[in-house]
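Below is one structure, written out as structure tokens; comments come after it.
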2 protein chains.
Amino acid sequence: MPRVSCERGLRERKKAATRAALAAAASRLAIEHGADHVTVEAIAAEADVSPRTFHNYFSSREEAMVASVVDFGWNLTDRLQERPADEPIWDALRDVIVGSVDASPQARERIAAQFEMFAGNPAVLASQLAALDGMRIRFASVVAARTGTDAGYDMYPHLVASAAANALKTAYDLWATRRDVGLIDLVDQAFAMIRAGLPEPGRSEPCS
Amino acid sequence: MPRVSCERGLRERKKAATRAALAAAASRLAIEHGADHVTVEAIAAEADVSPRTFHNYFSSREEAMVASVVDFGWNLTDRLQERPADEPIWDALRDVIVGSVDASPQARERIAAQFEMFAGNPAVLASQLAALDGMRIRFASVVAARTGTDAGYDMYPHLVASAAANALKTAYDLWATRRDVGLIDLVDQAFAMIRAGLPEPGRSEPCS
DNA sequence: CTCGTTTCTTGCAGCACGTGCATACATTCG
DNA sequence: CGAATGTATGCACGTGCTGCAAGAAACGAG
């Protein structure tokens, strides 16, 4: 729930710090030793709290390990909502995602290690997908509001939000494994392909 | 020789039957009582096996509850691979999905109840997403093979597979909640929108 | 500063989950 | 039939997650 660290008081700052410490500890230990070999006890010890306190912040080991993904999703949603309402939706989506990119070598290494860790444990992978799906749902609400569609009745906002989320995930996945491409270029290309309707390459166009 | 041709032996038939019984029991109990209130012990009892045997077939409660989704994904992948190689990829995807549809009222009730059950438990929802993601990955391999792209280097097959999987999921989600639309129509519309590049409705075209 | 209120941390108890292992049982095949 | 292989079950063990109650820390008013 705590999305902003508005410094409303010592209490909230400490809570945010504890949550961040637990998430960082979970991620770090899972990357180092593999998600399977990390216990709640170890995560709690790393963050200097009791195992019981861990469960006051996260309802499962997996949730802590993907907390950065959840936060990333909330961050993107917030930025999307701040966009001017008359901007074309695809421009808003693309710019928000491109604007959130950290394409530094350190980020690439961190993300690659994180994705590898996710892939090593089915439950963690599922939690990552759930985190992205949460973002997708909020994206769909924003898209619906901006395009005059209804998320409860129209497929359009869901298809757009899914496409954007998948462009993001696909670009990151490929960028983390390939050594010869830029993340921003991949995001741009993914959005361009989606907006072109994903035509089959090397097949004659159906217009003639 | 056995009378039934495709069954390789009593042993394999029994295994398949046990697995199916466990999956059905898990799904039924979870729909009836809520995923949270169903224990492995109850599922095993419903399928007339020991709790220990349950874990010989499924590694978690959630896995059993979404087994039908996993099987559905494998089924679709198989049918996609059987398609003629020269067929346009979007036609193949659309026809395979449309061909798998059971739009009967009973199916709608069953799927609606199932989705509601999924949504009631974060871990089960994550497992559903993981099941769909498994299908998506296999779709991407097939798409890559058919379009001359490389799933390890090109975004195209991943974007196409994601788009198809999301069209499927979006159509089912909406069909399960709305009472006034046909599932096949929704699938058709979703594919049409994606192939058109998901243009923003009610906005003047950017062609001038 | 003091005191009462609110909120967080911690330990404890308890049940359920998931796995390795050994044993008994079923089937397949020579 | 008899050996080899694969399956079901019980047992034990470590771990995960939650409710509860007591203690500690932060807050707000006087």
* Would you mind telling me which residue lines up with the more 5' stretch of DNA chain C, A:Thr18 or B:Ser60, judged by nearest nucleotide? => A:Thr18
Inspect the contact between [Y] and [X] and indicate whether a charged nitrogen and a carboxylate oxygen are less than 4.0 angstrom apart.
X	Y	value
A:Asp154	B:Arg178	no
B:Asp95	B:Arg83	yes
A:Asp91	A:Arg195	yes
A:Arg61	A:Asp36	no
B:Glu109	B:Arg179	yes

* **Atom CD of A:Glu41: over 12 foreign heavy atoms under 6.0 Å** => no
* To do: Round to the nearest Å and state the distance from B:Phe58 atom CZ to C:dA16 atom C1'.
  => 19 Å
* Structure fact -> Here the distance between atom P of C:dC25 and atom NZ of B:Lys15, to the nearest Å, is 21 Å
Which pair of heavy atoms, one from [X] and one from [Y], lies closest together, and at what distance?
X	Y	value
B:Ser100	B:Arg79	CA-NH1, 4.5 Å
A:Arg146	A:Pro84	NH2-O, 2.9 Å
A:Asp102	A:Ala107	O-CB, 3.2 Å

* Asked: Of all of residues 30-57 of chain B, which get a heavy atom below 4.0 angstrom from DNA chain D, listed by number?
  -> B:Val49, B:Ser50, B:Arg52, B:Thr53, B:Asn56, B:Tyr57
* Sub-4.0 Å heavy-atom contacts from residues 122-133 of chain B onto DNA chain D, ordered by number -> none
* To do: Go along nucleotides 25-30 of chain D 5' to 3' and tag each nucleotide: B for a protein heavy atom under 4.0 Å from its base, S when only backbone or sugar atoms are that close, - otherwise.
  => BBS---
Identify each donor-acceptor pair in which a side-chain atom of residues 128-135 of chain B lies under 3.5 Å from a protein atom, sequence neighbours left out, and give them as a table.
| from | atom 1 | to | atom 2 | distance (Å) |
| --- | --- | --- | --- | --- |
| B:Asp133 | OD1 | B:Arg136 | NE | 2.6 |
| B:Asp133 | OD1 | B:Arg136 | NH2 | 3.2 |

Please report, to 0.1 Å, the donor-acceptor pairs under 3.5 Å made by any side chain of residues 22-33 of chain A, with sequence neighbours excluded.
| from | atom 1 | to | atom 2 | distance (Å) |
| --- | --- | --- | --- | --- |
| A:Arg28 | NE | A:Glu46 | OE2 | 3.3 |
| A:Arg28 | NH1 | A:Glu32 | OE1 | 3.0 |
| A:Arg28 | NH2 | A:Glu46 | OE2 | 2.5 |

* Asked: To the nearest 10 degrees, what angle separates the axes at the start and end of the helix from C:dC1-D:dG30 to C:dG30-D:dC1, five pairs each?
  -> 30°
* To do: Measure up the B:Trp175 and B:Tyr172 rings against each other and bin them: parallel (under 30°), tilted (30 to 60°), perpendicular (over 60°).
  => perpendicular
* **Donor-acceptor contact present, side-chain A:Glu200 to main-chain B:Ile89, <3.5 Å** => yes
